[in-house]
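Input: a single structure, listed below in C-alpha cells.
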Amino acid sequence: MILDSFDYVVVGGGTAGLVVAARLVEDPTIRICVLEAGEDITNNANAKIPGFGMRNIGQPAIDWGFLGTPQPNAKDRPLYLPRGKSLGGSSMLNLMILGRGHKKEYDAFESLGSPGWSWEGLIPYFKASETFSPSEEDKSKFKVEFNASAHGTSGPLQRTLPKWNSDIAEPYTKGMTSLGVPRNPDSFSGSNGGAWLSNQAVDSNSERSSSASAYYEPVKANSNLVVLTGVHATRVIFNLSLGTSGNLVASGVEYSKGDQLHTVSATKEVFLCAGSFKTPQLLELSGIGDKNILDAYGINVNLNLPAVGTNLQDHFWVPFIAETDPKYESVEVLGDPARAAAEWKIYEESKTGILSGTCATEYAFLPKDHFIADSSAVLEQATHSLRPSLDKIHRAWLGGNDIPFLELGLFPGFLPMVEKTPEAGKSYYSLFLALTHPFSSGTVHVTSSDPLAQPAIDHKIIDNGLDVGLLVHAVKFARKLAATPTLSAAITQEVVPGPAVQTDAEIEDFVRGAVDTVYHPIGTAAMLPRSDGGVVDSSLKVYGTSNLRVIDASIIPIQLSAHPQATVYAIAEKAADIIKRERRV
Ligand SMILES: Cc1cc2nc3c(=O)[nH]c(=O)nc-3n(C[C@H](O)[C@H](O)[C@H](O)COP(=O)(O)OP(=O)(O)OC[C@H]3O[C@@H](n4cnc5c(N)ncnc54)[C@H](O)[C@@H]3O)c2cc1C
C-alpha cells in the first residue's frame with residue numbers, strides 16, 4: 001500500500017475515531033489511515049485493571065492534562081481537565097461508567113434540526129456497539145430486569161454489571177427508597193430517572209473494555225488499515241480550488257512527528273475525531289472558525305464559521321463526604337499493603353473483589369421535583385447563557401418531571417478534594433452531586449497559530465445563577481439522604497461541606513470553592529442548523545466543506561443526563577453507517 005495516500009484519514013484514534021476506522025476497514029477495498037498523538041497502551045496495567053482506573057490521570061504520556069482558564073465564579077480557580085492521549089483516547093482513561101440519556105434528550109437532537117438522530121434513530125447503533133448479557137443469577141441478585149429490545153448482544157464493547165459492591169450501598173439504597181426515589185430496573189431503555197446499579201465498560205474477564213480493546217484489536221492486522229501513533233495532526237489541508245458546489249475540499253492532513261512536518265493525502269474524506277477540546281482547535285488551525293479569532297492569530301481564513309469552539313457544555317459537580325462507622329469498609333483500606341496484596345490475589349485468582357470494577361456502583365438520576373421542594377427562588381436566579389433554542393429546551397425539561405437534573409453517584413471512600421484529605425484508619429462514603437443540565441456554557445479557542453499550544457478552554461462554570469441554585473439544593477438533598485434512618489445509623493459525622501456550612505450563603509460559598517467538571521465536555525462543533533450555531537450538519541459534515549466530517553463528542557448539541565461514552569460509541573457507529581451508505585450511492 002502507498003503509505004501517504006488513503007481513501008479516508010481519521011484524526012484522533014480515540015473513542016469515536018477507532019470505531020469509525022474499525023467499521024470502515026471491514027470493507028477490504030477501503031484504505032484508511034488513523035493519526036493518533038498518543039501511543040498504544042494496551043498492556044498498561046493501570047488502564048487495563050478497573051480498580052486502578054484513576055491512576056493514569058495526570059500522567060503526561062497518557063493524559064493531555066489541559067488546564068482551563070481561571071473561573072471567576074469558582075474563586076478564580078483554573079480547572080484541571082484530563083483527556084485520554086493514547087489509542088482508545090478517553091475510553092482508556094475514563095472511569096468506565098456506562099449510561100444512556102432519556103429518550104427525549106435524543107429526540108431533541110432531531111427536533112433541533114437533525115433528522116434521523118432521535119432515540120429511535122440512534123437505538124440500532126447503541127445496540128450495534130455493545131454486548132450485554134447479564135446472567136439470570138445477576139438479574140435476580142441485583143433485582144434488575146432488562147427490556148431485550150434496547151440492548152445489544154453481539155457488539156464489540158463489553159458492558160457488564162459490577163462483581164463487587166460496597167457495604168454502604170445497602171443503607172444508601174434504603175435511604176433513597178425512603179425518600180421516594182424509585183428503583184429503575186432498566187435505565188438503558190429510554191427512561192433513565194431513579195436509582196440504579198452501575199453498568200460498566202468492563203469485560204467478563206474484569207478488564208477495561210475500550211475502543212482500543214473492543215474495536216481496534218480485532219482489526220489491527222488488517223492490511224487496509226494504517227495507524228500512526230505519536231503523531232500530532234497540525235491542520236487539515238484543502239485543495240486550492242473549491243469543489244463544484246463551491247465548498248472547501250479537504251485533500252489531506254498535515255502532522256508533526258518530533259520536529260518534522262509530514263502530510264498524508266485523503267482521496268475521499270477527512271474525519272476529525274480529536275475530542276471536544278482538540279477538534280475545535282484543529283478546525284481553527286485549519287482556517288475554519290470565527291474570522292475575528294483567526295485574524296487575531298494570523299491564521300489564514302478558509303471559512304468564516306463563527307460557531308466553531310462555542311457551545312461548550314459539561315456536567316458540573318460538588319462532593320458530599322461523610323465519615324462512617326468503620327464496619328462499613330471504604331476503599332481507603334487499600335492503603336494497607338497487606339490488604340492491597342490480598343485484594344490483588346483475589347483479583348488475579350477469581351477476577352472479583354474491589355479491583356474488578358469501578359467501585360462507584362450506585363447511581364441516582366433525579367428530575368428537579370425530587371430534590372427541590374420550591375423552585376421559584378432558584379428560577380429567579382436564572383439568566384440566559386445557552387443559545388436560545390437550547391435554553392428553551394432546558395427550561396421545558398426543568399419544568400417537567402421526567403428529565404433528570406441531578407446525578408448522585410455513591411463512592412465508597414473519600415473523593416479527592418483539594419483542601420481536605422481522609423484520616424488514616426477511618427471509613428468514608430462520598431456522593432458525587434452533578435448537574436446534568438447546566439445552564440452555563442463556555443468556549444474553546446486557539447490562543448496561537450502554534451498547533452502544539454494548548455487551546456483556551458473556558459467552561460464559564462456556574463456562570464448562570466440557576467446552576468448555583470441547583471447545586472445548593474443538591475447539597476441539601478445529600479444531607480436529607482444522610483439523615484434517613486438507615487444511612488444516619490451508619491454515619492459518624494459529615495466531613496464535606498462540614499457542619500460549619502449551614503446557611504444558603506455558606507453552602508453557595510462552598511459550591512464556588514469546590515465545583516468542578518465531570519470531564520464530559522460536548523458541543524464545541526455542534527450538530528445544529530448553521531443558522532442556529534451549528535458546525536456540522538446531520539451527516540456530520542462541516543458546513544461549507546464537501547468532505548470534512550467531525551465524529552466525536554463535540555457534535556453533541558445539547559447535554560445529556562448521562563455519562564457520555566455510550567452515546568459517543570453510538571454516534572460513531574451511526575457515522576460509519578452514513579459514510580458506508582453514501583459510498584454505495
Ligand atoms: C478522566 C475521565 C473520566 C471519564 N469518565 C467517564 C465515565 O466513567 N463514563 C463515561 O461515559 N464517560 C466518561 N468520560 C468521558 C468520555 O470518556 C468521553 O466523553 C469520550 O471518551 C470522548 O470520546 P471522543 O472520541 O470524543 O474523544 P477521545 O476519546 O478523547 O479521543 C480523542 C483522541 O484524539 C487524539 N488527538 C487529539 N488531538 C490530536 C491531534 N492533534 N493529533 C492526533 N491525535 C489527536 C487524542 O489523543 C485522543 O486519542 C470520562 C473522561 C475522562 C477524561
Side-chain angles (χ1 to χ4, degrees), residues 9-20 34-41 50 53-59 61-66 80-101 157 159 198-202 208 210-212 216 227-236 253-257 271-283 285-286 314-315 358 360 363 407 409 432 434 451-452 454-455 517-525 550-556 559-560 562-569 571-572 575:
V9 175
V10 178
V11 179
T15 314
L18 290 183
V19 175
V20 177
V34 176
L35 303 176
E36 168 53 44
E39 300 294 345
D40 185 343
I41 59 163
M54 285 162 89
R55 292 190 183 176
N56 278 336
I57 297 177
Q59 299 298 323
I62 293 174
D63 173 3
W64 286 89
F66 296 105
Y80 184 73
L81 305 165
R83 291 280 99 193
K85 185 183 186 183
S86 71
L87 284 182
S90 298
S91 74
M92 286 296 267
L93 187 69
N94 70 24
L95 302 185
M96 293 156 279
I97 306 302
L98 288 168
R100 295 182 193 163
L157 189 73
R159 166 154 73 94
S198 83
N199 287 220
Q200 310 181 354
V202 173
R208 177 191 292 267
S210 66
S211 67
Y216 173 61
V227 174
L228 302 179
T229 58
V231 299
H232 193 120
T234 51
R235 69 185 172 103
V236 179
V253 177
E254 180 189 83
Y255 65 90
S256 64
K257 187 165 177 70
F271 309 135
L272 293 183
C273 306
S276 297
F277 299 148
K278 295 292 280 183
T279 283
Q281 182 191 24
L282 271 165
L283 283 167
L285 289 168
S286 310
D314 209 322
H315 292 140
T358 70
Y363 288 85
E407 169 187 353
F432 166 91
L452 301 183
Q454 201 191 283
T517 87
V518 186
Y519 317 144
H520 294 168
I522 59 131
T524 51
V550 175
I551 308 169
D552 60 25
S554 59
I555 68 107
I556 300 174
Q559 193 51 283
L560 300 161
H563 293 240
Q565 65 172 331
T567 301
V568 174
Y569 282 103
I571 287 169

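Whatever order the structure lists them in is the order used to number ligands and atoms, beginning at 1. Values reported hereafter were calculated over all heavy atoms of this structure, with side chains retained and with hydrogens, waters and symmetry mates removed.
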(request) Give the single entry among Gly275, Cys273, Ala212 that approaches atom 33 (C) of ligand 1 most closely by any heavy atom. (result) Cys273
(message) Tell me whether Leu95 has any N or O atom under 3.5 angstrom from an N or O of ligand 1.
(response) yes
(message) I need the contact type for His232 against ligand 1. Using non-hydrogen atoms and a strict under-4.0 Å cut-off, is it side chain, backbone, both or neither?
(response) both
(message) Give me the residue, atom name and distance of the protein heavy atom closest to atom 3 (C) of ligand 1.
(response) Asn94 CA, 3.3 Å
(request) Of all the heavy-atom pairs spanning Gln565 and Ile97, show the shortest one and how long it is. (result) NE2-O, 3.1 Å
(request) Please write down residue, atom name and distance for the protein heavy atom closest to atom 28 (P) of ligand 1. (result) Ser90 N, 3.6 Å
(message) Once you restrict to heavy atoms under 4.0 Å, what part of Ser211 touches ligand 1? Side chain, backbone, both or neither.
(response) neither
(message) Considering both backbone and side-chain atoms of Arg83, is one of its nitrogen or oxygen atoms within less than 3.5 Å of a nitrogen or oxygen in ligand 1?
(response) no
(message) With heavy-atom distances below 4.0 Å as the criterion, list the atoms of ligand 1 near Lys85.
(response) 47 (O)
(request) Can you see which heavy atom on Lys85 is nearest to which on Asp63, and at what distance? (result) CB-N, 4.2 Å
(message) Going by the closest heavy atom to atom 25 (O) of ligand 1, which one wins out of Gly409, Ala16, Gly58, Ser210?
(response) Ala16
(request) Return the residue, atom name and 0.1 Å-rounded distance of the protein heavy atom closest to atom 35 (C) of ligand 1. (result) Glu36 OE1, 3.3 Å
(message) Are the side chains of Lys278 and Phe66 in contact, using a 4.5 Å heavy-atom criterion?
(response) yes
(message) Against ligand 1, does Pro82 come closer than 4.0 Å with any heavy atom?
(response) yes
(request) Check each of Gly12, Gly53, Gly84 against atom 48 (C) of ligand 1 and report the one with the nearest heavy atom. (result) Gly84
(request) Any atoms of ligand 1 less than 4.0 Å from a non-hydrogen atom of Leu35? List them with their elements. (result) 43 (C), 44 (N)
(message) For the CD1 atom of Ile555 and the CD1 atom of Ile571, what is their distance to the nearest 0.5 Å?
(response) 4.0 Å
(request) Determine whether the side chain, the backbone, both or neither of Pro521 has a heavy atom under 4.0 Å from any heavy atom of ligand 1. (result) neither
(message) If I compare all heavy atoms of His520 with all of Gln559, which pair ends up nearest, and what's the gap?
(response) O-NE2, 3.3 Å
(message) Under 4.0 Å, counting heavy atoms only: does Leu81 come that close to any atom of ligand 1?
(response) no
(message) So if I count the atoms of ligand 1 from 1 in the order they appear, which ones are less than 4.0 Å from some heavy atom of Ala553?
(response) 26 (O)
(request) Locate the shortest heavy-atom distance separating Gly275 from Pro280; write the atom from each residue and the value. (result) O-CD, 3.8 Å
(request) Provide the number and element of each atom of ligand 1 under 4.0 Å from a heavy atom of Ser86. (result) 49 (O)
(message) Distance under 4.0 Å to a non-hydrogen atom of Ala274: what atoms of ligand 1 satisfy this?
(response) 32 (C), 34 (O), 37 (C), 38 (N)
(message) Is the shortest side-chain heavy-atom distance between Pro521 and Arg83 below 4.5 Å?
(response) yes
(message) Below a 4.0 angstrom heavy-atom separation, can you tell me which part of His520, side chain or backbone, both or neither, approaches ligand 1?
(response) side chain
(request) Using a 4.0 Å heavy-atom threshold (strictly under), name the region of Trp64 that reaches ligand 1: side chain, backbone, both or neither. (result) side chain
(request) Would you check if Ser91 and Tyr569 make a side-chain contact, meaning some heavy-atom pair closer than 4.5 Å? (result) yes
(message) Using a 4.0 Å cut-off to any heavy atom of Gly14, which atoms of ligand 1 qualify?
(response) 29 (O), 31 (O), 33 (C), 49 (O)
(message) Test of understanding: given a 4.0 Å heavy-atom threshold, classify the contact between Ile57 and ligand 1 as side chain, backbone, both, or neither.
(response) side chain
(message) I need the nearest protein heavy-atom contact for atom 44 (N) of ligand 1: residue, atom name and distance, please.
(response) Ala37 N, 3.1 Å
(message) Among all protein heavy atoms in this structure, tell me which lies nearest to atom 8 (O) of ligand 1, with the distance rounded to 0.1 Å.
(response) Ile97 N, 3.0 Å
(message) My understanding is that only one of His563, Arg159, Gln200 makes a side-chain contact (heavy atoms from CB on, under 4.5 Å) with Leu98; could you say which?
(response) Arg159
(request) May I ask you to check whether Leu93 has an N/O atom sitting below 3.5 Å from an N/O atom of ligand 1? (result) no
(message) Is the shortest side-chain heavy-atom distance between Val11 and Tyr255 below 4.5 Å?
(response) no
(request) For Val231, counting its heavy atoms only, list the atoms of ligand 1 lying under 4.0 Å from any of them. (result) 42 (N), 43 (C)
(message) Which residue is it: Leu93, Thr358, Asn94? I am looking for the one with a side-chain contact (heavy atoms from CB on, under 4.5 Å) to Arg208.
(response) Asn94
(message) Show the nearest heavy-atom pair for residues Leu282 and Ala274, with the distance to one decimal.
(response) CD1-CB, 3.9 Å
(message) Can you report which non-hydrogen protein atom sits closest to atom 15 (C) of ligand 1, along with the distance?
(response) Tyr519 O, 3.5 Å
(request) Might you point out which heavy atoms bring Met92 and Ile41 nearest each other, and give the distance in Å? (result) CE-CG1, 3.7 Å
(request) Mark up the atoms of ligand 1 that fall under 4.0 Å of a heavy atom belonging to Val568, in ascending order. (result) 23 (O), 25 (O)
(message) Looking only at protein heavy atoms, which one is nearest to atom 12 (N) of ligand 1, and what is the separation?
(response) Pro564 CD, 3.5 Å
(request) Using a 4.0 Å heavy-atom threshold (strictly under), name the region of Thr15 that reaches ligand 1: side chain, backbone, both or neither. (result) both
(request) Using atom types as modelled and distance alone, determine if a side-chain donor or acceptor of Ser86 lies under 3.5 Å from a backbone N or O of Gly88. (result) no
(message) For atom 40 (C) of ligand 1, what is the closest protein heavy atom, and at what distance to 0.1 Å?
(response) Ala233 N, 3.7 Å
(request) Kindly indicate whether the side chain of Thr229, heavy atoms from C-beta on, has any atom under 4.5 Å from the side chain of Leu87. (result) yes
(message) Check for me whether Pro451 has a heavy atom closer than 4.0 Å to any atom of ligand 1.
(response) no
(message) For the CG atom of Asp552 and the OG1 atom of Thr15, what is their distance to the nearest 0.5 Å?
(response) 9.0 Å
